[in-house]
2 protein chains.
Amino acid sequence: MDMIRSDVGSGVMDAVNDDVTAVEQFIPVRSPVARLGSAPAVNRWPGVHAFQVTVYQRLGTPAGRQPPYAYSRAAGKLYTDMLVAVPFRFSYTAVGDPRRLEIRAQPVYLDAQHVQNPVRRCPHHQDAALMSNVQSQHVRHVLQTQHARFRYDENGDRCSVVVPLEPLQPATDHYEVLYEFTCMNTCVGGMNRRRILALFTLEECETGQVLGRQTIEVKVCKCPHRDLKADEKRLGLGRIGDKPDRKRRLTSSPPASCEQRLVVEVDDEEMFRAVTEVRDSMRRYRRRVNPQHGQAPPPGRQ
Amino acid sequence: MDMIRSDVGSGVMDAVNDDVTAVEQFIPVRSPVARLGSAPAVNRWPGVHAFQVTVYQRLGTPAGRQPPYAYSRAAGKLYTDMLVAVPFRFSYTAVGDPRRLEIRAQPVYLDAQHVQNPVRRCPHHQDAALMSNVQSQHVRHVLQTQHARFRYDENGDRCSVVVPLEPLQPATDHYEVLYEFTCMNTCVGGMNRRRILALFTLEECETGQVLGRQTIEVKVCKCPHRDLKADEKRLGLGRIGDKPDRKRRLTSSPPASCEQRLVVEVDDEEMFRAVTEVRDSMRRYRRRVNPQHGQAPPPGRQ
DNA sequence: CAGGCATGCCTG
DNA sequence: CAGGCATGCCTG
Ligand SMILES: [Zn+2]
Ligand SMILES: [Zn+2]
């Protein structure tokens, strides 16, 4: 018999903090790696080109069935199943030659204590993608695009994907790009139930200078419509800017209730969009910087 | 800009059947790998040495708190959290010099349609174990031991761990070995909610001949006591040896009730395996291409 | 697709 | 540790 002797046993062998990725687990707090993974700015900022983004909500599909994603305009939050092509629509003004600009998209953790960690794909879905003989180029990317032209970036572990701006199609006021998410928010060893933002930056190709920045919270889950409704319910008739009163955990943007509200009158759709965008942006920002206003730190429910 | 052109997009890129491991997913039905993963016998058989196994249930711990595992003798089912050292107790008679025998332990899928797949550790916990600088020897093993002497085997992907028999301690009638499980039954990309058995074989060191065989069903979960109670409740006042009769899903393996079923007669074990492989493969294929086909074997609750 | 369960994990 | 929620997924 060729046994191994051991007085220690293997008890301690892999006690792991399941709050985080196996990788994150072993990055010393102030190591160079941690520095690499510094947090990108996420404040919304239309900039001189009035850069905006929203999710296009397809009305009923042919078969009358709901699309596998749902968007809450009030909360600025997308709910989608994974591997679903979701149409994002960008708007911008006065860009001159659009070809000098591009849009970078990347997932970012929403909560302050995770925002400095790059959003990594979970080991299971990486494996699955690798096995499925497809190009292994994007395997590590949680946020991918189905756009015709694209470029995947991996700055350290901070993955992003870039698409070029194009001249708008005639008679359109937006530029549509399909993105899909390749992990669930719940993926163990990946996002691990942490909330994320999709961060979009309008950048100058040559210099990389950021000319505008927008975000949309994303929840990648199996029942987008259920979860959207659940969030709305949870938020009850929450007052504007009020904190969600979850008994457990969770954030989400409180939709406005209709009585006793301060309102801003707008003139048309476009204006409505712009205004709500700003409002929602502010709401989110507040929730982020003000602990009172929402979530607590680590994982938790979303 | 260094964009890539693609008319295809990445939509199909990693559509994956989440029913199974990424690895299992891409094993051609009749590949050598699939053959390697043939199913071990699991029928209980005390043999000439009256080989038996049970789980020792420690009474209340010092602090009066429950141990992180629970054992249902009636169901022959262990409920345990992962990474918990569970005391298994073996009994046997008339072995002569015990040093000529050893006990092999391995996890095996309980359900017929998975039994031929080796139980693999999930990618997340493999990663976690690798990162935690510990010996990488056991990283792939779901079933590990804390016994002083041990030997890890990887026959293809069929992992097992062997401990030598020893002379019984004076005044004892059992041989206690601590085992621990390093993945949850729910681990995605691993057991993936499939039920497992811990299979113990009493073997002759020299020849490898099996002299006895016992099994205990194991559920590795976060709330062993809750889940044990839930099973008992589900079973009503369950008969001995009965397994949980869930209203939802769970076992599958239709016991040979040959009434009104189309059956394919086969001649032997090997043929049985080959045929079920093909059938299951077809079921999976149909579910993939035809969402209607919700039914069929795979995971299920336990 | 709605209803509902199983189960990891968060809250007291 | 008990209570209970969130969420993937199974059943009609
Ligand atoms: Zn994933
Ligand atoms: Zn695992």
Side-chain angles (χ1 to χ4, degrees), chain A residues 16-20 60-61 63-68 70 79-83 111 122 124-125 183-195 219-231 233-234 244-252 295-302, chain B residues 16-20 60-61 63-68 70 79-83 122 124-125 183-195 219-231 233-234 244-252 287 291-302:
Chain A
V16 162
N17 180 350
D18 256 340
D19 283 350
V20 293
T61 44
R65 58 184 57 151
Q66 293 173 309
Y79 304 74
T80 179
D81 198 353
M82 62 179 282
L83 302 179
D111 291 334
C122 80
H124 170 60
H125 285 126
C183 262
M184 316 286 298
N185 269 57
T186 54
C187 275
V188 175
M191 289 184 277
N192 209 51
R193 299 185 324 284
R194 289 174 286 187
R195 302 171 68 190
K219 179 177 184 181
V220 190
C221 56
K222 283 300 172 195
C223 304
H225 298 279
R226 174 186 70 177
D227 293 356
L228 166 51
K229 282 176 194 135
D231 269 1
K233 193 172 179 183
R234 230 190 311 274
D245 76 328
R246 50 167 159 286
K247 44 191 76 165
R248 289 177 68 61
R249 159 60 68 71
L250 215 321
T251 305
S252 280
Q295 68 293 47
R301 272 58 191 284
Q302 51 175 326
Chain B
V16 162
N17 181 349
D18 256 340
D19 283 350
V20 294
T61 44
R65 59 185 55 153
Q66 292 173 309
Y79 303 74
T80 178
D81 197 353
M82 63 180 280
L83 302 181
C122 80
H124 170 60
H125 286 125
C183 261
M184 317 285 300
N185 270 57
T186 54
C187 275
V188 176
M191 291 185 275
N192 209 49
R193 302 186 320 285
R194 290 173 285 189
R195 300 171 70 190
K219 178 176 184 183
V220 190
C221 57
K222 283 300 170 194
C223 304
H225 298 279
R226 174 185 69 177
D227 293 355
L228 165 52
K229 283 177 194 135
D231 270 0
K233 194 170 178 183
R234 235 190 307 273
D245 77 330
R246 43 338 241 57
K247 48 188 75 165
R248 290 177 67 62
R249 158 57 69 74
L250 221 302
T251 311
S252 103
R287 281 201 312 284
Q292 309 300 65
H293 263 282
Q295 87 283 72
R301 271 59 191 285
Q302 48 172 330

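Naming convention: chains lettered A, B, ... in sequence-line order (proteins, then strands); numbering from 1 in each chain.
- Nucleotide C:dC9 holds its P atom 17 Å from the NE2 atom of B:His225, rounded to whole Å.
- An OP1 or OP2 oxygen of C:dG8 is reached within less than 4.0 angstrom by a side-chain nitrogen or oxygen of B:Thr186.
- Side-chain atoms of A:Gln66 lie closest to C:dC1 of the nucleotides C:dC9, C:dC1, D:dA2.
- When the C1' atom of D:dG8 is taken as reference, atom CE of B:Met191 falls 17 Å away, rounded to whole Å.
- Going from atom CZ of A:Arg194 over to atom P of C:dC9 covers 13 Å, rounded to whole Å.
- The separation between B:Leu228 atom CG and C:dA6 atom C1' is 15 Å, rounded to whole Å.
- Taking only side-chain nitrogens and oxygens, B:Arg234 never comes nearer than 4.0 Å to OP1 or OP2 of C:dC5.
- A distance of 10.5 Å separates OG1 of B:Thr80 from CG of B:Asn185, quoted to the nearest 0.5 Å.
- Here the closest non-hydrogen pair linking A:Met184 and A:Lys222 is CE-N, 3.5 Å.
- Look at NZ on A:Lys233: it is 11 Å from P on D:dC5, rounded to the nearest Å.
- Straight-line distance from the NZ atom of A:Lys222 to the P atom of D:dC10: 10 Å, rounded to whole Å.
- Listed here is the closest heavy atom pair of A:Pro224 and A:Ala70: CB-N, 4.1 Å.
- We find that CE of B:Met82 is positioned 15 Å from C1' of C:dC9, with the value rounded to whole Å.
- Interface remark: the A:Arg226 side chain does not form any donor-acceptor pair with the C:dG3 base, using a distance-only criterion of under 3.5 Å.
- Atom CG of B:Asn192 and atom P of D:dG8 are 13 Å apart (whole Å).
- Atom NE2 of A:His124 is separated from atom SG of A:Cys187 by 7.5 Å, given to the nearest 0.5 angstrom.
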